[in-house]
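First the proteins, then the strands, lettered A, B, ... as listed; each starts at 1. Note that the structure is predicted; figures quoted are calculated from it, not measured.
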Protein chains: 2
Amino acid sequence: MTLKDLARELGVSTASVSNAFNRPDQLSRELRQHILSEARRMGYPGPDARARMLRTGRSRIIAVVLAETLTYSLNDAVSSELLTGVTEVLDAHGHTLLLLSGRQPGSRQMPASSSMADGFIVYGLMPDDHMMSELPAHRPLVAVDFHINGRPTVHIDNEPASWAITRHALRHPPKRVGIVCLRLSATPHNGRLTAGHDWLSAQSTITRSRLDGCFRALEDHGLNRDDIPLWNIEENTHAVCAPVIEEILNLPPDQRPDLLLCMSDRIALTALTLAEQRGIRVPEDLRLTGFDGIEEGQYRAPRLTTVRQDSIEKGRMAARMVLGLDTPSDRLLNTSLLIGETCP
Amino acid sequence: MTLKDLARELGVSTASVSNAFNRPDQLSRELRQHILSEARRMGYPGPDARARMLRTGRSRIIAVVLAETLTYSLNDAVSSELLTGVTEVLDAHGHTLLLLSGRQPGSRQMPASSSMADGFIVYGLMPDDHMMSELPAHRPLVAVDFHINGRPTVHIDNEPASWAITRHALRHPPKRVGIVCLRLSATPHNGRLTAGHDWLSAQSTITRSRLDGCFRALEDHGLNRDDIPLWNIEENTHAVCAPVIEEILNLPPDQRPDLLLCMSDRIALTALTLAEQRGIRVPEDLRLTGFDGIEEGQYRAPRLTTVRQDSIEKGRMAARMVLGLDTPSDRLLNTSLLIGETCP
DNA sequence: CTGTTAGCGCCTTCAT
DNA sequence: ATGAAGGCGCTAACAG
């Protein structure tokens, strides 16, 4: 049953049927009602989306391209919030969401279906440049949390935020500071970072900007960045964080940091849980700061001291720009300090 | 730049270009290489997904229709796991994921773009029957966690699992049992359930089956179901759970349950957090059981005693059936008991 | 206000 | 192994 069939059955032209569905002002109210009710009665489900897409060149689909795997992104609170903001705007404007990932286990290519999206929101630096190049060059594209040449970006003030929370933490002078980074090293590595490890640039990883903020605050307090031990974590999940955190907490008490600056809430929460299990008191024996401000860190005792970033709003902004509701431009969102009990 | 343009430029037929991309066996290796490399050089991005879709009738897109809002689903651990399993299979077979929700704030209609999916996975009972009827009737569809007439279903053994965990909890006789349900009442309600509230059927809500399992175990122990206080929660989020849990924990100690059977881990975790904040000791003063087995409940101390369901596997099964890799049929997944410290 | 018509870009027989 | 041609279902321009 196609539009044409229906038109023939009803004895009207295909244009009238099409207009009945798409352009109410182009035909009389009665004819429109007649067509719509007959369509329903005869089981015509409305114009085929595929044909309509070909004809109009628009799909009302926006693709979100995630730098991480879908598995990770769907289970990560920050990515989920971003998607929440995106879908909120898309829904409100009759668009739907196609999820793509740039870090597929198997393939090195975008699925062909990606080319049917009307626009793209790219979240995080893609592991593979050439996947980016497969995206249609002339359609709207917004980058989130990193930079793409000539494209609008939505991001947050990582360096100042990190400086601010570190400064707060240093109000109470620590004996030993440690920093746990998220994917800072150029080559994958879980554990202590030594002089032999190269670092990614601030362009490539948000952790680098956050680290720069930490260092600036530490040096404001007369500490030397080279004296601060760093650990690196490749994926922001409990399973990957736990062994590295254990390595830190298992240090002898006179070497173990009593202030641990974590580049994400997930890292900080893992540290909190493992510290509790070992009888290390937070904040008395170990003070902890996070980054992100996810719910899980606030709906518990002690609450995490962290930087709150509004990922939902990031998603909304990106979606509004990609839909052309806001003029494309670089946007910088502010963050706020959340003082919990892990580092009062 | 279209396929036809490219063919003309190269002086070959459109069929050859098409075959170069889709049917390597239909032309010589050299010609194919020539066409592909020239295409890349000239910036032809490959056959247009929209036109291909119209022509072939297939989009390589599978839609997941979520009964809850996208915002909720993306932030809920169980839904996220389901999506993880779905995407794992879709990725492996070159399909992509379109996310739809049956509980949109605004509209009562499926977006038209939904009709381009090759198949549908419907997760949870839709709030509105008529949205279901908008889905193309003749395409593959798999229901998850509830039943649709004539369609294959993937679900878990809610009643026996709930019976088993309740039986475990009753090994240590409680003074007062309480049960916290998830969307059991026919009309929305957050708080204590009284005789005036109608219940949804076991067909409509998984909480009902779980409750039946609880009751069976309680009656095995000589308890009367009418003596057990029930509370209801409409949405499985901390924000919605917290006030109801507070109401329970604020009861005078001689009325407050010392065993709380929660129909989800989120509910149990909220109870755990709020109990800790009030100095109510778990499990000494209050024993807690959950349902789902989400990570957050296991990566903490005390760990949740709960029923582990493998939502990732549910997603995989649904995806394999909708892609036609497995023959469509009803599948029942087993669960397992996870004994943590909240109810040893 | 209604009807006719020309493609949107591609795939796939069929003939060569 | 290659080329020509029809049509997938629809919309928008135009003619009436």
**Fill in**
Closest non-hydrogen atoms of B:S101 and B:T69, given as atom of the first, atom of the second and distance, are OG-CA, 3.5 Å

**Separation between OG1 of A:T96 and CG of B:L99, rounded to the nearest 0.5 Å** = 9.5 Å

**Asked** What is the distance from atom CZ of B:R183 to atom CD of B:E234, rounded to the nearest 0.5 Å?
**Response** 5.5 Å

**Asked** Once you round it to whole Å, what is the distance between P of D:dA12 and CG of A:N19?
**Response** 9 Å

**Message:** Nearest heavy atom decides the nucleotide; on that basis, is B:T14 or B:A51 closer to the 5' end of DNA chain D?
**Reply:** B:T14

**Request:** With the side chain of A:T2 defined as its heavy atoms from C-beta on, choose the nearest nucleotide among D:dG6, D:dT11, D:dG9.
**Result:** D:dG9

**Asked** Nearest-Å distance, CG (A:L3) to C1' (D:dG7)?
**Response** 16 Å

**Item:** Residues A:E9 and A:K4 bridged, charged N to O under 4.0 Å
**Value:** no

**Length of the line joining A:M53:CE and D:dC10:C1', which is rounded to integer Å** = 12 Å

**Message:** So that I can tick it off, tell me whether B:D118 and A:R50 are bridged by a salt bridge, with the cut-off set at under 4.0 angstrom between side-chain N and carboxylate O.
**Reply:** yes

**Prompt:** So, is A:N22 near the phosphate of D:dT11, with a side-chain N or O under 4.0 Å from OP1 or OP2?
**Reply:** yes

**Fill in**
In whole angstroms, the gap separating P of D:dG9 from CE of B:M116 amounts to 16 Å

**Message:** Under a 4.0 Å threshold between the charged nitrogen and the carboxylate oxygen, would B:E313 count as salt-bridged to B:R320?
**Reply:** no

**Item:** Segment of DNA chain C, first to last nucleotide, that comes within the 4.0 Å heavy-atom reach of chain B
**Value:** C:dG9 to C:dT12

**Item:** Basic-acidic side-chain contact under 4.0 Å: A:D145, A:K314
**Value:** yes

**Request:** Drop me the distance from A:L182's CG to A:N236's CG, to the nearest 0.5 angstrom.
**Result:** 5.0 Å

**Item:** Sorted by number, the residues of residues 23-50 of chain B with heavy-atom contact under 4.0 Å to DNA chain D
**Value:** B:D25, B:Q26, B:L27, B:S28, B:L31

**Message:** With a cut-off of less than 4.0 Å, is there a side-chain N or O of B:S16 near OP1 or OP2 of D:dG3?
**Reply:** yes

**Request:** Would you mind reading off the distance between A:M1 atom CE and D:dC10 atom P, rounded to a whole angstrom?
**Result:** 11 Å

**Nearest-0.5 Å distance that lies between atom CG in A:L125 and atom CG in A:L200** = 8.5 Å

**Message:** If you compare every side-chain N and O of B:S13 against the phosphate oxygens of D:dG3 (OP1, OP2), does one of them come in below 4.0 Å?
**Reply:** yes

